[in-house]
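The next block holds one structure in the form of structure tokens; read it before the comments.
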Amino acid sequence: MRTFQMQRYSAIALLVFLTIHMIVVHYPPFHIDFGIILERMESPVWKVIDIAFLFFVLMHALTGAYMVITDFESAFNYRKGLAWAAIVIGVAAFFYGSATIWAFQPPV
Amino acid sequence: MPNSEVITHDVIIVGAGLAGSWAAMATAQQGVKDVGVLSKIHPLRSHSGAAQGGIAAALNNVRPVPGTGPRGPLEQIPVGDELVDSTELHMFDTIKGSDWLGDQNAIEIMVNDAIDVIYEYEHMGCVFSRTPDGRIAQRRFGGHSAPRANYAADRTGHVLLHTIHEQALYHGVKFYAEWYVMDLIVEDNAVRGVVAIDVLTGKIHLLRAKAVMFGTGGYGRAFKITSNAYANTGDGVAIAYDAGVPLMDMEFVQFHPTGLYQHGILMSEACRGEGGYLINKNGERFMEKYAPDKMELAPRDLVSRSEQTEIDEGRGVMDDGQGIFLDMRHLGREKILERLPQVRDIAIDFVHVDPIDDPVPIQPTAHYSMGGIPTDVHGQVIADASGTPVVGFYAAGEAACVSVHGANRLGTNSLLEASVFGRRAGYAIAEFIKGGAKLLPVTGDPAERSRQAVKELLDNPGTELVEDIAQELKANMTMNCGIFRDEERLNIALDKVHELQQRFKNARVMDKGSRFNTDLLATLEAKHLLTFSEVIVKGALNRTESRGAHSRTDHPKRDDEDWLKHTIAHKGEDGRPQFSYKDVTLYWDRFPPQERKY
Amino acid sequence: MSNNNAQRTVTVRIQRFNPDTDKKPYMQDYQVEMKPGMTVLDALHEIKTHQDGTVTYRRSCRHAICGSCAMHINGRNTLACNTPLKNEVTHKNTVTIGPLPYLPVIKDMVVDRTTFWEEYLRVKPWLIPPDDIPEKEFRMSQDEVKALHDAETCIMCGACYSSCAVIGLNKKYIGPHALLKSFMRVLDPRDSSPAERLEEVSGADGVYRCHTIFNCIDACPKGLNPTQAIETLRKLAQKRQKLEEARRERQKHLNEPIPA
Amino acid sequence: MYTSTGFISWLLRRISGIALVLYLFMHLWVIGSANSGPEVFDARLNAVQTPLFKLFEIALLAAVVYHAFDGIRLLIVHYFDVTEYRKSLFYAVFAVAAILTIAGGVPILLFMLNG
Ligand SMILES: Cc1cc2nc3c(=O)[nH]c(=O)nc-3n(C[C@H](O)[C@H](O)[C@H](O)COP(=O)(O)OP(=O)(O)OC[C@H]3O[C@@H](n4cnc5c(N)ncnc54)[C@H](O)[C@@H]3O)c2cc1C
Ligand code: HEM
Ligand code: SF4
Ligand code: F3S
Ligand code: FES
């Protein structure tokens with residue numbers, strides 16, 4: 001089934017992205033402020049990487065949530081609706097997040 | 001208990017082992033689709049699934065490596081090479097095994113159909129073990145003079161049962177799992193239906209049908225040490241007998257040489273088929289004395305008697321000297337793991353012995369019931385020695401007596417019998433229905449009578465525990481009507497059975513509820529044990545000779561003059577069995593009776 | 001585990017429930033004298049026949065081949081008939097027995113297996129043979145037979161099914177037992193519709209509903225491995241057309257000897 | 001309920017997964033404020049940098065690490081035939097996750113205590 005495959009492939013992608021993310025953003029886990037982020041976000045390469053990361057993490061998270069919910073028999077019959085809900089949330093979150101990343105300009 | 005609706009089918013089959021499932025499948029395959037199968041346990045739990053060693057058919061796939069003698073290692077027969085086996089040989093082995101009591105027309109049909117049935121199993125998806133070139137693998141078995149036991153490791157019955165159950169489902173057979181049949185309705189020598197308890201609800205239903213078939217399995221549970229499942233209480237046999245149908249050759253009960261010490265659980269004959277030895281306290285392979293030619297692979301009755309003799313003469317093993325060692329160590333780890341995995345697990349689980357490292361303690365165990373409901377070769381039940389049919393009533397498998405096994409069955413012939421005659425019964429039933437069989441009326445309300453009987457049992461304030469009665473019966477049967485019998489002991493046995501029948505009237509059912517009342521079922525089963533045990537003991541007492549599994553120390557010789565005939569027992573007016581005798585079908589010139597030597 | 005043979009009498013704690021008379025399940029203790037070689041089933045038999053006939057459970061073969069007696073013993077699913085009592089007696093000298101979890105209780109240890117059998121039926125357990133049936137057997141190699149070993153050994157006891165957390169949540173899941181059966185047919189060279197079977201088991205309620213919890217392997221009293229079968233089915237489901245073609249090719253030679 | 005290593009790993013994986021999803025959306029909300037200017041952003045960021053949230057962060061770290069390594073374990077099971085080693089794999093994942101959580105958690109704690 002597609003969700004299963006999506007879950008695996010996104011998981012593999014996340015392995016890469018999350019590792020990068022953890023190293024660059026959260027480690028060393030000291031105080032983060034706007035400045036540090038801004039510096040990195042200057043580069044369009046980072047933007048692309050972050051957007052891809054966002055894409056995969058949303059895909060993984062929402063298929064994951066979908067899986068968790070549809071494991072319950074009472075929700076199983078509403079899979080179609082749930083899948084659409086996940087897609088809508090995913091697309092919305094993706095655009096919102098991408099906009100954030102893209103718009104990350106040093107506000108003067 | 002509330003009244004419940006009457007269920008009607010064209011055909012009702014009781015029992016979902018190989019015999020019942022084959023009959024159901026074959027009937028449906030022939031276009032008679034309205035088939036209901038009742039089984040007191042789920043079909044896949046039927047005891048056929050416990051069969052380990054193999055199913056016989058002269059397929060001619062393997063032979064002993066030339067030049068190594070009859071007990072040499074086996075190899076596949078190269079294409080075009082000389083064959084070692086034939087249906088004729090299979091027939092002869094079976095007749096000799098039966099000590100000439102088997103009906104030879106039936107045996108001939110069985111050995112011929114065998115080949116077809118095995119291939120049909122294979123085509124239906126049964127996963128047999130294979131030779132290197134992909135044919136069905138075969139091994140040796142006791143009493144067979146060629147390797148013709150077709151097998152699936154050591155779970156042959158299991159794969160056969162699953163295969164045939166699946167096919168029955170595929171053909172749209174309706175299964176009533178966990179329905180306990182308690183009465184058969186026969187009026188004017190024609191069958192009308194059965195009465196059954198839906199175990200789940202406890203409701204008692206009348207089921208009407210144009211034809212009824214019994215494939216209810218064996219009655220080994222009448223003995224203390226037995227390889228049989230809890231379910232093998234010979235219900236069908238007792239129910240038919242109570243309904244006025246006769247029973248045939250009930251005194252012939254096979255004792256298997258290798259039951260697990262004290263448990264009775266079977267260590268398949270395949271253990272010896274693959275080369276295992278039997279050893280006494282002094283480390284001797286004692287079969288040299290009793291069957292110098294076939295050794296451990298002599299027929300079961302002979303090996304069991306040899307073991308019992310060793311034990312009785314003080315050469316048994318274990319603390320109480322009641323055991324014998326089955327030694328498989330020389331087969332090696334690999335062979336045991338590949339061919340006998342289940343057997344190994346059983347030995348480890350129950351006696352904590354790994355056959356790879358140590359010899360396994362065993363003892364003879366009640367195993368197979370040669371007798372049962374008499375039928376012709378179409379599975380049609382007969383009402384008397386002259387062969388009058390009980391219209392619409394069929395039987396096959398261990399519950400029936402065709403008789404192909406006569407006085408002693410050869411290993412692997414019973415899965416075969418259940419399959420071949422189950423199938424034949426199915427064909428015959430389909431023909432019977434298509435020939436315009438009618439649903440016959442039933443007088444009164446038999447279900448109501450059964451309800452009353454059950455109510456009486458439940459309301460009985462008695463003091464006797466059913467289990468105590470059953471245990472005493474089993475101990476009695478093993479002691480006094482077991483491997484070796486004589487008049488004195490059989491008389492004791494008979495008195496005891498009568499005493500227990502009396503005591504049963506005072507039996508107490510502990511569970512008074514209606515939902516899944518297995519306590520009630522156990523009580524009904526105990527009653528059945530008491531019913532047919534009387535027939536076994538009386539039949540054994542009458543038969544003043546030794547033949548096959550029936551071994552009278554006071555009449556050690558086979559007596560063809562007086563006793564080359566089947567025992568037929570009817571329930572008399574007084575409730576006691578009445579005996580008559582039926583001729584054996586013999587082909588004198590082809591297979592003249594001879595002394596059995598191995 | 002206690003191997004102390006000096007303890008003679010053990011407490012068998014049984015979960016009792018009869019929906020006709022009880023509001024909810026409760027535990028009841030019985031004392032049983034432990035004899036050498038006694039199994040848990042023997043202990044139950046002793047209780048049922050001598051102490052309390054209302055204690056109810058299924059059993060038949062008593063040597064782990066019929067699949068009747070699967071139950072929940074000391075927190076895990078297994079067969080009562082091949083489990084030695086002495087291995088199960090805890091340091092408190094007690095054995096706790098209940099019905100298979102996640103299934104509706106009919107009475108005491110007897111559970112309602114309706115969904116279990118429905119799923120079994122749903123995967124079409126029977127073989128769908130090719131059109132030409134040979135006069136003799138189809139030829140299968142020893143390796144082809146070996147691949148079916150686990151599936152073929154399965155006794156349909158349900159220990160796996162009722163240990164699987166997914167089944168606990170959702171009875172629409174086909175379940176390890178039926179997937180194992182489906183695996184057996186998909187891999188059988190004699191079966192002519194592997195693609196269709198894979199289609200059936202690769203829906204949202206099939207192989208992808210399995211979360212690789214492994215309880216099925218741990219629970220199986222026959223030591224089988226449904227998880228691996230499920231993993232294999234997942235992989236094959238990806239390439240069903242290929243498998244179907246390979247099967248057609250293989251079936252052209254079903255009548256011929258396996259080359260050495 | 002049927003407990004076992006497999007069951008526990010599954011339960012933890014679910015809980016960590018769901019926790020991460022919740023965090024993800026919170027995270028998006030926080031970062032999303034970047035568009036509204038540095039003040040709002042820093043305010044929101046500060047709101048999630050209280051000591052309580054630092055503890056929360058350790059839990060988050062544990063969840064990520066456990067979930068990721070458990071995920072790796074599953075991927076290994078999917079692509080290789082290693083069901084035999086299921087128990088050892090579970091313990092290995094648990095150990096690695098614990099070590100990494102401690103390694104990552106101690107600096108956070110120190111940081112929190114110090115500043
Ligand atoms: C341990 C063991 C190993 C064996 N190994 C071999 C072997 O290797 N080779 C071989 O050829 N033979 C072997 N046999 C013998 C062979 O298995 C049996 O003879 C054969 O399987 C009998 O099949 P059946 O269909 O007649 O009966 P069973 O399979 O016993 O089926 C009986 C059916 O009747 C049903 N039933 C019974 N009573 C009632 C009732 N009152 N109401 C409703 N349903 C009822 C049961 O539920 C069951 O479905 C072995 C036997 C044992 C005990
Ligand atoms: C390296 C990182 C990750 C890997 C390798 C990974 C791997 C996996 C895998 C293989 C599954 C499938 C489990 C199953 O089918 O039972 C899964 C499930 C899930 N993942 Fe991840 N994941 C990672 C990160 C994340 C992140 C960052 C989130 C949240 C934002 C997340 C949320 C989920 C959820 C909600 C599930 C469903 C839980 C379940 O089915 O049990 N995962 N993950
Ligand atoms: S796979 Fe194992 S546990 Fe599951 S039904 Fe089959 S034998 Fe029982
Ligand atoms: S326990 Fe259940 S989730 Fe899968 S691995 Fe076994 S079927
Ligand atoms: S009684 Fe048959 S499996 Fe336990």
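Residue numbers start from 1 in every chain, and the chains themselves are labelled A, B, ... in the order their sequence lines are given, proteins ahead of strands. Worth saying up front: this structure is predicted, and the values here are computed from it rather than measured.
Among the candidates Gly37(C), Ala64(C), Cys154(C), Pro36(C), the residue making the largest number of heavy-atom pairs closer than 4.5 Å to chain B is Cys154(C). Listed options Cys61(C), Pro125(C), Gly223(C), Cys157(C) were ranked by heavy-atom pairs under 4.5 angstrom with chain B; first place goes to Pro125(C). For the set Cys66(C), Pro84(C), Cys81(C), the entry with the most heavy-atom pairs within less than 4.5 Å of chain B is Cys66(C). The choice from Arg508(B), Arg45(B), Glu338(B), Glu467(B) that makes the most heavy-atom pairs within less than 4.5 Å of chain C is Arg45(B). Taking chain C as the reference chain and counting heavy-atom pairs below 4.5 Å, the highest number among Thr131(B), Thr163(B), Ile118(B) is found for Thr131(B). With chain C as the partner, the residue from Gln167(B), His165(B), Glu178(B), His47(B) showing the most heavy-atom pairs under 4.5 Å is Glu178(B). With chain B as the partner, the residue from Gln142(C), His50(C), Arg62(C) showing the most heavy-atom pairs under 4.5 Å is Arg62(C). Among the candidates Pro341(B), Gly49(B), Cys126(B), Ala152(B), the residue making the largest number of heavy-atom pairs closer than 4.5 Å to chain C is Cys126(B). Among the candidates Gln471(B), Glu120(B), Gln52(B), Arg221(B), the residue making the largest number of heavy-atom pairs closer than 4.5 Å to chain C is Arg221(B). Put simply, of Leu260(B), Leu266(B), Leu520(B), Asp468(B), the one with the most heavy-atom pairs under 4.5 Å next to chain C is Asp468(B).
Applying the 6.0 Å contact sphere to NZ of Lys124(C) captures no more than 12 heavy atoms from other residues, nucleotides or ligands. Counting heavy-atom neighbours within 6.0 Å of Lys512(B) NZ, excluding the residue itself, gives a total above 12.
Proximity to chain B (any heavy atom under 4.5 Å) is shown, for Asn82(C), by both the backbone and the side chain. Only the side chain of His45(C) comes within less than 4.5 Å of a heavy atom in chain B; its backbone stays farther off. Looking at Ile155(C), both its backbone and its side chain come within 4.5 Å of chain B, counting heavy atoms on both sides. For Pro129(C), the part sitting under 4.5 Å from any heavy atom of chain B is the side chain, from C-beta outward, and nothing else. The contact between Leu148(C) and chain B is made entirely by side chain atoms (from C-beta outward), counting heavy-atom distances below 4.5 Å. Neither the backbone nor the side chain of Met38(C) comes within contact range of chain B, judged by heavy atoms closer than 4.5 Å. Using a 4.5 Å cut-off between heavy atoms, Leu41(C) touches chain B through its side chain atoms alone. Heavy atoms of Asp52(C) lying under 4.5 Å from chain B belong exclusively to its backbone. Contact annotation for Thr153(C): both backbone and side-chain heavy atoms come within less than 4.5 Å of a heavy atom of chain B. Only the side chain of Tyr119(B) comes within contact range of chain C, judged by heavy atoms closer than 4.5 Å. Only the side chain of Thr39(C) comes within less than 4.5 Å of a heavy atom in chain B; its backbone stays farther off. Looking at Glu46(C), neither its backbone nor its side chain comes within 4.5 Å of chain B, counting heavy atoms on both sides.
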Inset, instruction - Please step through side chain to side chain contact (heavy atoms under 4.5 Å, CB included) for the pair Thr54(C) and Asp519(B), ending with a clear verdict. - result: CA-CA 7 Å; Thr54(C) 63; Asp519(B) 197 27; over 6 Å; no

Inset, instruction - Output, in order, the C-alpha distance, side-chain angles, deciding distance and verdict of side chain to side chain contact (heavy atoms under 4.5 Å, CB included) for Met140(C) and Phe128(B). - result: CA-CA 9 Å; Met140(C) 272 172 89; Phe128(B) 286 104; over 6 Å; no

Inset, instruction - Decide yes or no on side-chain hydrogen bond (donor to acceptor under 3.5 Å, both in side chains) for Thr518(B) and Lys48(C), but give the supporting numbers first. - result: CA-CA 10 Å; Thr518(B) 48; Lys48(C) 175 159 187 88; 2.9 Å; yes

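Remark: Asp112(C) CG to Phe516(B) CZ distance equals 10.5 Å, nearest 0.5 Å. To the nearest 0.5 Å, the span separating CZ on Arg155(B) from CD1 on Ile65(C) amounts to 8.0 Å.
With respect to Arg515(B) and Asp108(C), no salt bridge is recorded, no charged nitrogen being found less than 4.0 Å from a carboxylate O. Ion pairing of Glu144(C) with Arg130(B) is absent here, as no side-chain N (NZ or NE/NH1/NH2) approaches a carboxylate O to less than 4.0 Å. Salt bridge Glu166(B)/Lys181(C): present, at least one basic N to carboxylate O contact under 4.0 Å.
Side chains of Asp349(B) and His63(C): no donor on one and acceptor on the other come within 3.5 Å.
Residue Tyr120(C) comes nearest to Leu44(B) through the heavy atom pair OH-CD1, 4.0 Å, listed as atom of the first residue, atom of the second, then distance. Closest approach of Leu465(B) to Thr49(C), counting heavy atoms only: CD1-O, 3.9 Å.
Contacts with chain B (heavy atom to heavy atom, under 4.5 Å) involve these residues of residues 189-197 of chain C, listed by number: Arg190(C).
No donor-acceptor distance shorter than 3.5 angstrom exists from the side chain of Arg135(B) to the backbone of Pro257(C), with no hydrogens or angles considered. Side-chain atoms of His158(B) come within 3.5 Å of backbone atoms of Glu152(C) as a donor-acceptor pair (strictly under, hydrogens ignored).
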Scan the side chains in residues 130-139 of chain C for donor-acceptor partners under 3.5 Å anywhere in the protein, sequence neighbours excluded, and list what turns up.
unit_1: Glu137(C); atom_1: OE2; unit_2: Asn61(B); atom_2: ND2; d: 3.1
unit_1: Glu137(C); atom_1: OE2; unit_2: Ile136(B); atom_2: N; d: 2.9
unit_1: Arg139(C); atom_1: NH1; unit_2: Asp133(B); atom_2: O; d: 3.0

